[in-house]
Amino acid sequence: MLSVLVCLIPTVIASTFLIPYFSDPYKLRAYPGPFLAKFTSVWASWVINHNRWSETVDLLHRKYGPIVRLGPDSVSIADPSAFAVIYGHSSGALKAPFYDAFANHRIRDLFNTRDRAEHSRKRRVEAHIFAPQSIRALEDTARVHFEILVRQWDAMCAHAEKAGRGSAEGAIGTVPWKVHDGRVFFNCMLWFSFWSFDTIGDLAFGHPFGMLETGKDTAQTVKSDVRGMEAIAQATSNSEKTKLELVDIPAIEALTARADTLFVVAYLPAWLQPIVGHLPSLQSGYNAAPKLAGLAVAAVANKFASKTDRADMLSKLLEGRDKNGNLYGPEELSAETWLLIIAGGDTTANTSCATTYYLARNPRIQAKLQAELDTALDGIDSDVASYDAVKDLPYLGAVINEGLRLHATVGVGLPCVVPPGGLTVLGHHLKEGSVVSSPIYSLQRSEAVWGENAREFYPERWLEASADAKKEMMRSFAPFSVGPRACLGRNLALQQLYIMFATLFRRYDFVLENDAPLAVQDRLVQKSKECIIGVQRRKGLVSRQ
Ligand code: HEM
């Protein structure tokens, strides 16, 4: 037995690590990078698991230049002109096997589909849901959730007003607040998550999760995935309804656990992923996936059961056709609904939290934004700003761009496979089958483009730049990516962000509890772990309620 092992171990090491390195099938040996990255992608997983991916890739580019080897078959290219070549419409590169780890249903969704034809079919179905007119039509529905957010924050501010110079503490649902120095302090990340998930739940399938009202991270999922699918199939065929058993789960917590795990394993070869996934530290993420998939199943099943004719996103998905020309089946519907929840929830909440953090940290910028909002919204009798009233405000636009730039909610290099015939980037020919990415985080913080203050929150840069400088900035600004796989929800995200910052910063003054850097979980989405802000109502503004 021992002698078998003695022979086997060197053979496995040679065939897995050394032969690919010395045979160099993708001709990447000339590119610099960390020693271990030349042999194995386990290196990447290790760095990600230590929460240092974007920062590490950025440091490697600073050390080695625009092209860095990140794995046995992959390179990262940090250069504005490279971004469009890799991701643009004429690139021909497809998403890499990295995305297979994110498949939550047996059927792929729009985000993790790698097949070009399959992706085009889905994108055709879903593009009209996100067209500018469709998104504008959702504003009234979305508004309700801004109103609840403001009502909850007003209620907490009232405690601060009552306490005067004293102190107090309490909680709304599970979110604690405490009062001191005339302000109420709480973790705004939780509230932005509640707001974002409730809104996307309502817009996607006509049913908010109810997190804002209760102050609790709770959503209903099906107890059994199989029964859920049966319920959808029966409802679509108009036969007798199946009674669905639902259970409550902490959805945001489960999503965070899932995201923490999947990004760690996604760079590993497929055969290694389930083995690593069994590590105790990754178990909660793996266990969360089926419960989360059940959220969408429950939403679709409930939609059929209630038979409302409200025109939410799911109603439009119901018009979608599968590859045989048939209407989307239960699984594909659930997969696409799930994607709306996950793509639209975390991203907008994190951008809102990070931008609020930077504004709370910078009294000068906050005051300048408030002055612009006071003028624009003077005499408007509404607690929630309308998109029309604020969408062209220059300083507000600059603040939102600056938040998207500096925080880079999706900051990592999104991995693509080089297409047949290869791809030439910055004069380097990359061979077919190799993997290439361009890190959004690094591009959006490059001193060569953004100047010495690239790491500062400075909205004025968007207003002061010359036309030529602005052109260069836009080549290095890709928070929603570009090309055929660019974010489909961009119009919705921007509409929500404009209304959010106009509403909150007109109404409240913000400070940070302390000046510590924003702590983030650096995964596919840069997720703020916690952001404690101190809030008080601005003087002179009277609520309509
Ligand atoms: C600030 C908020 C947001 C940011 C920064 C953002 C960013 C991105 C990025 C960078 C991608 C490309 C991912 C990749 O290629 O792997 C993407 C894809 C996507 N996003 Fe967003 N997103 C945001 C909000 C939303 C919202 C609100 C929705 C919808 C409810 C949404 C739906 C999607 C979808 C469906 C895709 C996949 C598109 C495809 O592959 O064809 N996103 N997003």
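Order of appearance sets the numbers: ligands from 1, and atoms from 1 within every ligand. Bear in mind that the values here come from a model prediction, so they are computed numbers and not experimental data.
- Ion pairing of R108 with E118 is absent here, as no side-chain N (NZ or NE/NH1/NH2) approaches a carboxylate O to less than 4.0 Å.
- Heavy-atom proximity to atom 34 (C) of ligand 1, evaluated over I200, L488, I135, T113, is greatest for L488.
- For atom 10 (C) of ligand 1, the nearest non-hydrogen atom of the protein is P479 O, 3.4 Å.
- A salt bridge does not link D202 to R143: none of the charged side-chain nitrogens sits closer than 4.0 Å to a carboxylate oxygen.
- Assignment of Y87 to the shell around ligand 1 is not supported, since no heavy atom sits closer than 4.0 Å.
- With contacts defined as side-chain heavy-atom distances shorter than 4.5 Å, the pair P479/R490 does not qualify.
- Considering backbone and side-chain N/O atoms, T351 never comes within less than 3.5 Å of an N/O atom of ligand 1.
- Between T348 and ligand 1, a contact under 3.5 Å exists for no N or O pair.
- Side-chain contact between H407 and V520 is present, with heavy atoms from C-beta onward closer than 4.5 Å.
- Short contacts between ligand 1 and A486, defined as distances under 4.0 Å to a heavy atom of the residue, involve ligand atoms 38 (C).
- For the pair V399/F457, a side-chain contact is recorded, criterion being any heavy-atom separation below 4.5 Å from C-beta on.
- Near L339, with a cut-off below 4.0 Å to any heavy atom, the atoms of ligand 1 are 35 (C).
- Cation-pi contact between R523 and W53: absent, since separation from the ring centre below 6.0 Å together with deviation from the ring axis within 45° is not met.
- None of W153, F146, F197 except one satisfies the ring pair (Phe, Tyr, Trp, His ring centres under 6.0 Å) rule with F192; the exception is W153.
- In this structure, H119 is part of the shell of residues with a heavy atom less than 4.0 angstrom from ligand 1.
- Using a 4.0 Å cut-off between charged nitrogen and carboxylate oxygen, D522 and R52 do not count as a salt-bridge pair.
- Under the 4.0 angstrom criterion for non-hydrogen atoms, E126 is not in contact with ligand 1.
- Taking every heavy atom of K95 and a limit of under 4.0 angstrom, the matching atoms of ligand 1 come to 14 (C), 15 (O), 16 (O), 40 (O).
- Ion pairing between R445 and D58 fails under the 4.0 Å rule for side-chain N and carboxylate O.
- Within the listing of ligand 1, atoms 2 (C), 24 (C) sit less than 4.0 angstrom from a heavy atom of A493.
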_Set out, in order, the CA-CA distance, both residues' side-chain angles and the distance that settles salt bridge (charged side-chain N to carboxylate O under 4.0 Å, His left out) for E336 and K122, then state yes or no._
CA-CA 9 Å; E336 298 304 329; K122 285 175 183 282; 2.5 Å; yes
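- Selection from S196, G483, C487 by nearest heavy atom to atom 19 (C) of ligand 1 gives C487.
- Short contacts between ligand 1 and Y99, defined as distances under 4.0 Å to a heavy atom of the residue, involve ligand atoms 14 (C), 15 (O), 16 (O).
- Ligand 1 has no atom lying under 4.0 Å from any heavy atom of A478.
- One option in R490, R485, Q526 has a heavy atom closer to atom 12 (C) of ligand 1 than any other, and that option is R485.
- A donor-acceptor contact under 3.5 angstrom links the side chains of D260 and Q521, judged on distance only.
- Checked by distance only, ligand 1 and T347 stay at 3.5 Å or farther apart across all their nitrogen or oxygen atoms.
- The contact set between ligand 1 and F111, taken as ligand atoms under 4.0 Å from a residue heavy atom, comprises 13 (C), 14 (C), 16 (O), 40 (O).
- Proximity to R123 (heavy-atom distance under 4.0 Å) selects the following atoms of ligand 1: 38 (C), 39 (C), 41 (O).
- In terms of polar-atom proximity, defined here as any N/O pair under 3.5 Å, T409 makes no such contact with ligand 1.
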